[in-house]
Each structure stands twice: as C-alpha cells, then as structure tokens.
Amino acid sequence: MEARTEIIMIGAAGRMGRTICALAQSEDAFELVGAVDAPGKLEGLASLGCKLSAKLEDLLPLAPKAVLVDFTAPAASLENARIAGRHGRAIVIGTTGLNPEQNGELAELAKAAPVFWSANMSIGVNVLMRILPELAKALGPQYDLEMVEIHHRHKKDSPSGTALSLGEAIASARDWNLQDVRCSARDGLIGERPEREIGIQAIRGGDVVGVHTVYFLGPGERIEVSHQAHSRENFAQGALRAARWLNGQKPGRLYCMQDTFQA
Ligand code: NAD
C-alpha cells in the first residue's frame, strides 16, 4: 500500500481551504497534519484536530514530510513559496491573480524546491486546455475568439486565472501572445473588432463557483464550449492529486496540472 501523503493546508479557513481539508480528512490516501490561516481564524479550525498556526514556519519542523498546499492570496502564496524553498519543501499553489513578476519569481523558486501552480485544478478545464487550441487551429483564422467567465461576488481578481490560462491556450493556436491581443473592456464608439483580438469579459455575482465559455464565432455559425464547476470539490480533488504527484518530484521547473496527466 502506498504511504499516505501528509498535507499542511495554508488558507485553511477559506472557501477552498475548508473544502480541501474536508476532502483530505475523508480520504485514506491523505493525512491533514497542519493548518495555517490568519490568527483570528484559527479558533474556527479547532475541529480539524490537527496542528494549527498562523506561522507556516512553526509547523514545518512538526511535519517534516508534509506537502504544503496554499490557496490564499498572491503576496501570501509567494511568501509561502519562499519559505518552502528555504526549507526544501514541496508546495502546491492554487492562488490566482499573481502578476507577471510574481509568476516569474515562482518559476525561479521552482529551480530549488518542487513548486506546483495551476490557476484551475479541475480535470475538465485541464482537458479543455489541451483541446481548445486544436479546435481553434481546425476552425482557422476566420473564427473570432471570445470568452465570458462568471464567478461569485467575493472573487478578487478579474479576469479569472482560468480565463487567462484558457486565453493563453487559444492564443498559442494563432501564435499570438495573449497580453498583446486581450480585450477585457468595450465601451463607447470602439469601431470594428480587430482580427487580432481575444475578448475576455467577466461577470460577478451571487455564489457562482465558476463558469467559462469560449466562443468561436465564424461566418454563419458559432461554437460555444462551456465549463461549469458545480462545486469546489473538483478543484480540491485536483489540489490533492497535485500534492500526491508533487511529493518526491525533483525541483527544476514550475509544475502544473498538465504534468500530472502525463504521469
Ligand atoms: P478565501 O478568501 O475564501 O480564502 C483565502 C484564505 O486565505 C482566507 O481564510 C485568508 O484568511 C487566508 N490567508 C490570506 N493570507 C494569508 C496568509 N498570509 N497566511 C495564512 N492565511 C492567509 O478565497 P478562496 O475562494 O478559498 O480562494 C483562494 C484563492 O484560490 C483565490 O486566489 C482563488 O482565485 C483561487 N482558486 C483557485 C482554484 C484552482 O483550481 N486553482 C479554484 C478556486 C479558487
């Protein structure tokens, strides 16, 4: 029997943190050994029955084999990746909204300790990531590429990290750089749509877990490919799958969900 993968959950009191903790505790393959969140939130985590702290570094010596799983906020995730690097520990990060400098630093840190980052850990979205460029190529340049994403009212970043990753995937099919062609605001007398453009629009409200719809708009027809997350559990499943995969991997480059499919 394979050994259990030990997990320290950072951001344990958050929406994703709570879901991942519950899943890890319900599955034999995992053991939740520690949970980290802001000092005022630790009391609410007592029922987890694992070691709690507001400081990741306090927990590391108590759980020398644990993989760190972080769903917090960009600056916090980066700081936790630095701590993981100093201690040679593997870290899975699901936080979105990192800027290019922060992404660059993660890639640097990944050379010294195993670091995994994915804006969306669901199987469905990651399969789409592979298939959408094929679809864009098969349809050809006459088809305009657009996307709409919907998320709950508490989401802080826009467009979503998933929309940006899907956007990069379809941009790559045209040999475009998403940063050069993305349009996320249309207002006023904006003129005709340029050919070299990918529109990504965001809707926010209610408790929507996540919807991403990619449109291929051509002459006389359109194709819509839509992914709808029904709950946070599929992201949590992906995060645990990533932690199990990352455990024992060598550092070298920033790993992502696609790597777990190739194993
Ligand atoms: P949330 O606001 O509900 O939870 C974040 C938690 O992190 C909070 O409890 C907060 O107190 C804690 N936190 C923040 N800074 C901290 C720090 N320095 N140390 C310890 N704890 C800290 O947010 P959420 O909905 O759980 O989402 C978290 C992140 O995950 C967001 O960036 C979101 O976009 C992303 N997300 C990713 C995926 C994915 O599949 N990769 C899926 C859903 C959400």
Side-chain angles (χ1 to χ4, degrees), residues 7-24 34-46 48 51-60 68-84 91-99 102-103 106 115-129 149-166 202 204 206-212 227-243 245-246 254-261:
I7 303 287
I8 292 178
M9 182 70 223
I10 315 168
R15 282 173 287 263
M16 279 306 303
R18 287 195 304 269
T19 313
I20 294 169
C21 287
L23 193 66
V36 180
D37 209 301
K41 296 192 176 176
L42 293 180
E43 211 177 293
L45 298 175
L48 289 175
K51 297 184 176 73
L52 306 178
S53 178
K55 274 187 75 190
L56 172 61
E57 278 182 299
D58 290 346
L59 290 187
L60 292 180
L68 318 181
V69 178
D70 176 304
F71 281 69
T72 54
S77 295
L78 199 60
E79 182 53 25
N80 290 327
R82 291 184 195 122
I83 294 171
I91 183 165
V92 171
I93 298 173
T95 303
T96 62
L98 278 71
N99 62 36
Q102 290 170 323
N103 272 318
L106 270 194
V115 184
F116 185 111
W117 177 80
S118 208
N120 190 309
M121 301 207 180
S122 91
I123 301 230
V125 162
N126 282 282
V127 169
L128 276 187
M129 221 81 93
E149 56 100 335
I150 313 177
H151 281 88
H152 54 90
R153 55 164 63 197
H154 304 290
K155 184 160 181 65
K156 296 185 182 78
D157 52 320
S158 172
S160 71
T162 303
L164 293 174
S165 296
L166 291 171
R204 293 286 176 269
D207 59 358
V208 180
V209 173
V211 177
H212 294 86
H227 177 271
Q228 323 226 349
H230 296 174
S231 76
R232 290 184 175 81
E233 197 169 316
N234 64 340
F235 305 131
Q237 289 279 6
L240 291 182
R241 173 189 174 121
W245 180 85
L246 191 64
L254 189 56
Y255 295 117
C256 69
M257 217 56 203
Q258 300 294 333
D259 294 308
T260 70
F261 293 121

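Just so it is clear, the values below take in all heavy atoms, side chains as well, and ignore hydrogens, waters and symmetry mates. Quantities reported herein were computed from a predicted structural model and do not represent experimental measurements. Indexing begins at 1, ligand by ligand and atom by atom, following the structure's order.
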(message) My understanding is that we take every heavy atom of each candidate and find the minimum distance to atom 14 (C) of ligand 1. Doing that for L42, T72, L98, T162, which one comes out nearest?
(response) T72

(message) Quick check: do T96 and T162 have side-chain heavy atoms less than 4.5 Å from each other?
(response) no

(message) Quick check for you: to the nearest 0.5 Å, what is the distance between W245 atom CH2 and M257 atom CE?
(response) 10.0 Å

(request) Could you check if a side-chain atom of H212 sits within less than 4.5 angstrom of a side-chain atom of L166, using non-hydrogen atoms only? (result) yes

(message) When you compare the side chain of F261 with that of R241, does any pair of heavy atoms fall below 4.5 Å?
(response) yes

(request) Please examine the side chains of N234 and I123, heavy atoms only from C-beta on, and report whether any two atoms are closer than 4.5 Å. (result) no

(request) Heavy-atom contacts with A76 under 4.0 Å: which atoms of ligand 1 show up? List them by number with element. (result) 15 (N), 16 (C), 17 (C), 18 (N)

(request) Could you say whether the N/O atoms of I10 and ligand 1 ever approach to under 3.5 Å? (result) no

(request) Would you check the N or O atoms of S122, main chain and side chain alike, for any that come under 3.5 Å of an N or O of ligand 1? (result) no

(message) Rounded to the nearest 0.5 Å, what separates atom CD1 in I8 from atom CG in D70?
(response) 11.5 Å

(message) Please compare K55, M16, R15 and report which has the shortest non-hydrogen distance to atom 23 (O) of ligand 1.
(response) R15

(request) Could you find the nearest protein heavy atom to atom 39 (C) of ligand 1 and give me its residue, atom name and distance? (result) A119 O, 3.3 Å

(message) Among all protein heavy atoms in this structure, tell me which lies nearest to atom 30 (O) of ligand 1, with the distance rounded to 0.1 Å.
(response) F71 CD2, 3.5 Å

(message) Testing the basics here: between I7 and A243, what is the closest heavy-atom pair and its distance to 0.1 Å?
(response) CD1-CB, 3.6 Å

(message) Can you name the atoms of ligand 1, numbered from 1 with element, that are less than 4.0 Å from a heavy atom of T96?
(response) 32 (O), 33 (C), 34 (O)

(request) State the atoms of ligand 1, each with its element, that fall below the 4.0 Å cut-off from a heavy-atom position in A13. (result) 9 (O)

(message) Listing request: all salt bridge (Lys or Arg N to Asp or Glu O under 4.0 Å) pairs with a residue in residues 151-163, at least two apart in sequence or in separate chains.
(response) K155-D157

(message) Suppose I only count heavy atoms of G94 and a 4.0 Å limit; which atoms of ligand 1 are within that range?
(response) 30 (O), 35 (C), 36 (N), 37 (C), 38 (C), 39 (C), 41 (N)

(request) Decide whether the shortest distance between a heavy atom of A73 and an atom of ligand 1 is less than 4.0 Å. (result) no

(message) Closer than 4.0 Å to some heavy atom of K41 - which atoms of ligand 1 meet that?
(response) 8 (C), 9 (O), 10 (C), 11 (O)

(message) Regarding ligand 1, does M121 bring an N or O atom to under 3.5 Å of one of the ligand's N or O atoms?
(response) yes

(message) Geometry only, no angles: is H152 polar-contacting ligand 1 at N/O separations under 3.5 Å?
(response) no

(message) Test your reading of the model: is there a side-chain donor-acceptor pair from S118 to the backbone of M121, 3.5 Å cut-off?
(response) no

(message) Test your reading of the model: is there a side-chain donor-acceptor pair from Q258 to the backbone of N126, 3.5 Å cut-off?
(response) yes

(request) Go through ligand 1 atom by atom and flag the ones less than 4.0 Å from a non-hydrogen atom of K155. (result) 34 (O)

(request) May I ask you to identify, for S118, whether its side chain, its backbone, both or neither come under 4.0 Å of ligand 1 on a heavy-atom basis? (result) backbone

Distance-only donor-acceptor pairs under 3.5 Å for side chains of residues 10-24, two or more places apart:
residue, atom, partner, partner atom, Å
R18, NH1, A13, O, 2.7
T19, OG1, R15, O, 2.8

(request) Mind checking whether A12 contacts ligand 1 via backbone (N, CA, C, O), side chain (CB onward), both or neither, at a 4.0 Å heavy-atom cut-off? (result) neither

(message) When you measure from atom 3 (O) of ligand 1 to the protein, is at least one non-hydrogen atom found at a distance under 4.0 Å?
(response) yes

(message) Is it the case that the side chain of E149 and the backbone of S160 share a donor-acceptor pair, with hydrogens and angles ignored and the cut-off at 3.5 Å?
(response) yes

(message) Any non-hydrogen side-chain atom of L60 less than 4.5 Å from a side-chain atom of I83?
(response) yes

(message) Heavy atoms only, cut-off 4.0 Å: how does K156 contact ligand 1, side chain, backbone, both, or neither?
(response) side chain

(request) Give the residue and atom name of whichever protein heavy atom lies nearest to atom 10 (C) of ligand 1, and the separation in Å to one decimal. (result) D37 OD1, 3.4 Å

(request) Run the numbers for me: atoms of ligand 1, each under 4.0 Å from some heavy atom of T95, listed by number. (result) 30 (O), 32 (O)

